[in-house]
Amino acid sequence: MTESQSSIPKDKLMWMYETMVLIRRFEEQAKREADSGRILGTHSAIGEEATPTGICVHLDDNDYVLGNHRSHHHCIAKGVDINEMMAELLGKVTGTNRGKGGTMHIADATKGMLGANGVVGSNIPVATGCALAAKIQGRDNVSVVFFGDGASSQGSLHEAMNLASIWSLPVLFVCENNRYAESTPFEYAIAGQSVANRAAGYGMPGVTVDGQNVIEVYEVAEEAVARARKGDGPTLIEAFTYRYHGHFGADNPLGYRTPEEQKHYKDKDCIKTMEQFLIESGTASKNKLEAIDNDAVQRVEKATQFAIESAYPDPSELLSDVYVKYP
Ligand SMILES: Cc1ncc(C[n+]2csc(CCOP(=O)(O)OP(=O)(O)O)c2C)c(N)n1
Ligand SMILES: [Mg+2]
């Protein structure tokens, strides 16, 4: 254990472990729901739990998170209720979006989770706009947008980074580089082989981090969030991570990557690494960690039961909550 690792308060270490385990158990259930046909599909974030967890631990409900098509882990790390999330996946009226958003549009403004989004790259300018609003209104909250390596080549990121930098906006651009955009390897698609290096062109810090190591993510995010809150502007973080499953349910990842590569990343599993750290540093016992896992399993079972027992939205509600009327 290094000195900086031991300086993280115990409650935060435990919160990070609990959050990653809850995400893992939720995602396993979401996959079962998709495999059984009860929901049409899902983009699994299994393997990627550490990045939003190590970042959202620094945020509160007044801070904003914007996600992408693979966002269950962002939502849970930001504190969205898993009963409402599961109900949303099943299209039920008790869901976060009253059953009309589904897996790719989960949002809960009360928690500062302003929405997942199926259009790749589209939430990056939205996060930048939220940061601009906070700055104009003199609030000290920050905006975080999560996007993939594929999205990093969209023009929206480059326009947003430029504006965020010239206006010194409180925003974190977080690229979850899981090495593939569908089946396209990032080594093929990203000129210069680095997303983080692109920050230099926009006059902001660009940092890389092992996205499988929640403590390292914690440390990088701590600095970036402090910088944003102080009014010193944005940071681009490139977190190297890995999705254990295919791009979506029907995708077989062995069509474009090897079993050896998959094993390499699974051996660095973020939950196992954290488990080992908590036990070796004397922060928690094995029994305590097992109890946390059992609790997560039960919470997910309850959420699934809640979702199954909930009603579908009434057809008369088809158009309500769909558009927002501005004054
Ligand atoms: C504008 C747009 N183009 C294409 C797609 C289809 N699409 C959905 S996800 C995806 C790949 C995104 O890859 P990445 O940004 O790396 O995220 P990951 O799936 O790896 O988490 C694509 C091309 C889309 N949804 N929106
Ligand atoms: Mg990707």
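All figures in this text were calculated on a predicted structure; none of them were measured in a lab. Values below: all heavy atoms of this structure, side chains included; hydrogens, waters and symmetry mates excluded. Index from 1, following the sequence. Read the numbers this way: they start at 1 and go in the same order the structure lists the ligands and their atoms.
Using the six-membered ring where Trp is involved, His43 and His247 have ring planes that are perpendicular, over 60° apart on the 30 and 60° scheme. Between Phe240 and Phe186, the ring planes are tilted. Angles from 30° to 60° get that label.
Protein N/O/S atoms closer than 2.8 Å to the Mg ion (ligand 2): Asp149 OD1, Asn178 OD1, Tyr180 O.
A donor-acceptor pair is defined here as one N or O able to donate and one able to accept, closer than 3.5 Å; no such pair exists between the side chain of Lys111 and the backbone of Cys75. Judged by distance alone, the side chain of Lys135 and the main-chain N or O of Trp167 form a donor-acceptor pair under 3.5 Å. Here the side chain of Asn123 pairs no donor or acceptor atom with the backbone of Asn68 at under 3.5 angstrom. Proximity of a side-chain donor or acceptor of Arg198 to a complementary backbone N or O of Ser152 within less than 3.5 Å is detected. At least one donor-acceptor pair under 3.5 Å links the side chain of Asn97 to the backbone N or O of His105. A donor-acceptor pair under 3.5 Å is absent between the side-chain atoms of Lys78 and the main chain of Pro52, judged by distance alone.
Contact atoms of ligand 1 toward Asn178: 18 (P), 20 (O), 21 (O) (distance under 4.0 Å to a heavy atom of the residue). Applying the 4.0 Å criterion to heavy atoms of His247 picks out, from ligand 1, the atoms 9 (S), 10 (C), 11 (C), 19 (O). Listed by atom number, the atoms of ligand 1 under 4.0 Å from Gln154 heavy atoms are 1 (C). Interface atoms of ligand 1 facing Ala181, defined by a heavy-atom separation under 4.0 Å, are 13 (O), 16 (O).
In Tyr180, the part holding a heavy atom less than 4.0 Å from any atom of ligand 1 is the backbone. Here His43 has no heavy atoms under 4.0 Å from ligand 1, in either its backbone or its side chain. Under 4.0 Å from ligand 1, heavy atoms of Asp149 appear from its side chain as well as its backbone. Under 4.0 Å from ligand 1, not a single heavy atom of Glu176 appears.
Close N/O approach between Val119 and ligand 1 is not found [any backbone or side-chain N/O within under 3.5 Å]. Between Arg243 and ligand 1, a contact under 3.5 Å exists for no N or O pair. In terms of polar-atom proximity, defined here as any N/O pair under 3.5 Å, Gly118 does make such a contact with ligand 1. Considering backbone and side-chain N/O of His69, one or more are found under 3.5 Å from N/O of ligand 1.
Among all non-hydrogen protein atoms, the one lying nearest atom 23 (C) of ligand 1 is Glu182 OE2, 3.7 Å. Remark: minimum distance from atom 21 (O) of ligand 1 to any protein heavy atom is reached at Arg70 NE, 2.9 Å. When only non-hydrogen protein atoms are considered, atom 15 (O) of ligand 1 lies nearest to Ala151 N, 3.0 Å. From the protein, the heavy atom lying nearest to atom 26 (N) of ligand 1 is Val120 N, 3.1 Å. The protein non-hydrogen atom at the shortest distance from atom 16 (O) of ligand 1 is Gly150 N, 2.8 Å.
Using modelled atom types, one finds a donor on one side chain and an acceptor on the other under 3.5 Å when comparing Arg257 with Tyr242. In this model, no donor atom of one side chain and acceptor atom of the other lie less than 3.5 Å apart for Glu84 and Thr94. Of the N and O atoms on the side chains of Ser285 and Asn287, not one donor lies less than 3.5 Å from an acceptor on the other residue. No hydrogens or angles considered: nothing links the side chains of Tyr256 and Glu182 as a donor-acceptor pair under 3.5 Å.
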Discussion item. Please evaluate residues Gln305 and Glu301 with respect to the criterion side chain to side chain donor-acceptor pair (under 3.5 Å), reporting the C-alpha separation (whole Å), side-chain torsions for both, the decisive distance (0.1 Å), and the verdict.
Written reply: CA-CA 6 Å; Gln305 212 45 42; Glu301 272 172 14; over 6 Å; no
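In terms of hydrophobic clustering, with Ile, Leu, Val, Met, Phe, Trp and Tyr side chains grouped at heavy-atom distances under 4.5 Å, Leu169 and Val207 are assigned to different clusters.
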